[in-house]
*Asks:* 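Submitted below is the structure of interest, expressed as structure tokens.
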Amino acid sequence: QQQVKQSPQSLIVQKGGISIINCAYENTAFDYFPWYQQFPGKGPALLIAIRPDVSEKKEGRFTISFNKSAKQFSLHIMDSQPGDSATYFCAASPGAGGTSYGKLTFGQGTILTVHP
Amino acid sequence: KAGVTQTPRYLIKTRGQQVTLSCSPISGHRSVSWYQQTPGQGLQFLFEYFSETQRNKGNFPGRFSGRQFSNSRSEMNVSTLELGDSALYLCASSRDGSQPQHFGDGTRLSIL
């Protein structure tokens with residue numbers, strides 16, 4: 001019940017295209033859903049995050065869509081650029097306190113390649 | 001504002017040895033979490049410290065331990081190293097253990 005399932009494992013997109021990565025979760029106690037971007041040799045960097053009280057959040061070219069009833073959320077990268085080539089992780093965390101302290105449950109990651 | 005700093009960046013050890021990794025959180029952040037990243041298992045939560053107390057723990061054996069100092073800096077120790085402990089160990093900090101968390105660039109541990 002603690003799992004977060006992420007798909008696809010890898011994604012190839014042409015420059016200017018839309019990249020879409022999907023995640024699904026089971027634990028209804030999750031209430032914070034971030035996306036992280038990781039480049040080789042670097043740690044994950046927080047891209048954008050959402051809480052269940054909204055269905056969509058946009059920051060620049062990055063948008064999270066959230067479907068609470070389906071327990072799914074996705075990352076859309078508009079106008080994808082070669083510099084976006086990285087590994088993307090979705091994650092989830094339950095509400096404050098107890099077993100939630102400092103704990104993120106991560107998806108398995110998606111390797112995105114944007115061709116020029 | 002400086003980010004999360006982890007030292008050393010790379011370590012090579014042999015089976016049976018022990019190792020200590022260090023993490024300095026973002027200034028003002030009092031919560032430090034540790035994660036293990038491997039190609040097979042992905043990113044897995046080890047434990048979280050706040051005010052020098054472990055408040056949360058993942059599903060790892062007792063060979064993995066940690067501590068936090070009064071200045072919020074944290075160390076992680078792995079004893080009796082096994083080949084399977086080869087991984088990138090990541091530290092993340094937040095103000096109080098709630099989200100968001102910010103990660104360091106990790107310590108790459110290789111076991112020979």
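Predicted model only: the values in this text are computed from it and were never measured. Naming convention: chains lettered A, B, ... in sequence-line order (proteins, then strands); numbering from 1 in each chain. Just so it is clear, the values below take in all heavy atoms, side chains as well, and ignore hydrogens, waters and symmetry mates.
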*Asks:* Who among Arg9(B), Gln37(B), Lys57(B) has the most heavy-atom pairs with chain A under 4.5 Å?
*Replies:* Gln37(B)
*Asks:* Which bit of Leu43(B) is near chain A, if near means a heavy-atom gap under 4.5 Å: side chain, backbone, both or neither?
*Replies:* both
*Asks:* With under 30° as parallel and over 60° as perpendicular, where do the rings of Tyr36(A) and Phe106(A) fit, or are they tilted in between?
*Replies:* tilted
*Asks:* Under 4.0 Å between a side-chain nitrogen and a carboxylate oxygen: does that hold for Arg63(B) and Asp85(B)?
*Replies:* yes
*Asks:* Just so I understand: if I count every heavy-atom pair under 4.5 Å between each of Pro100(B), Ser93(B), Gly58(B) and chain A, which residue has the most?
*Replies:* Pro100(B)
*Asks:* Can we say Lys58(A) and Glu56(A) salt-bridge, meaning some charged N sits less than 4.0 Å from an Asp/Glu carboxylate O?
*Replies:* no
*Asks:* Is the distance between the ring centroids of Phe33(A) and Phe66(A) less than 6.0 Å?
*Replies:* yes
*Asks:* By a 4.5 Å heavy-atom criterion (distance strictly below it), what part of Pro34(A) contacts chain B: side chain, backbone, both, or neither?
*Replies:* neither
*Asks:* Could you label the plane-to-plane angle of the Phe103(B) and Tyr35(B) rings as parallel, tilted or perpendicular, counting under 30° as parallel and over 60° as perpendicular?
*Replies:* tilted
*Asks:* Could you look at Leu88(B) and say if it's the side chain, the backbone, both or neither that has a heavy atom under 4.5 Å from chain A?
*Replies:* side chain
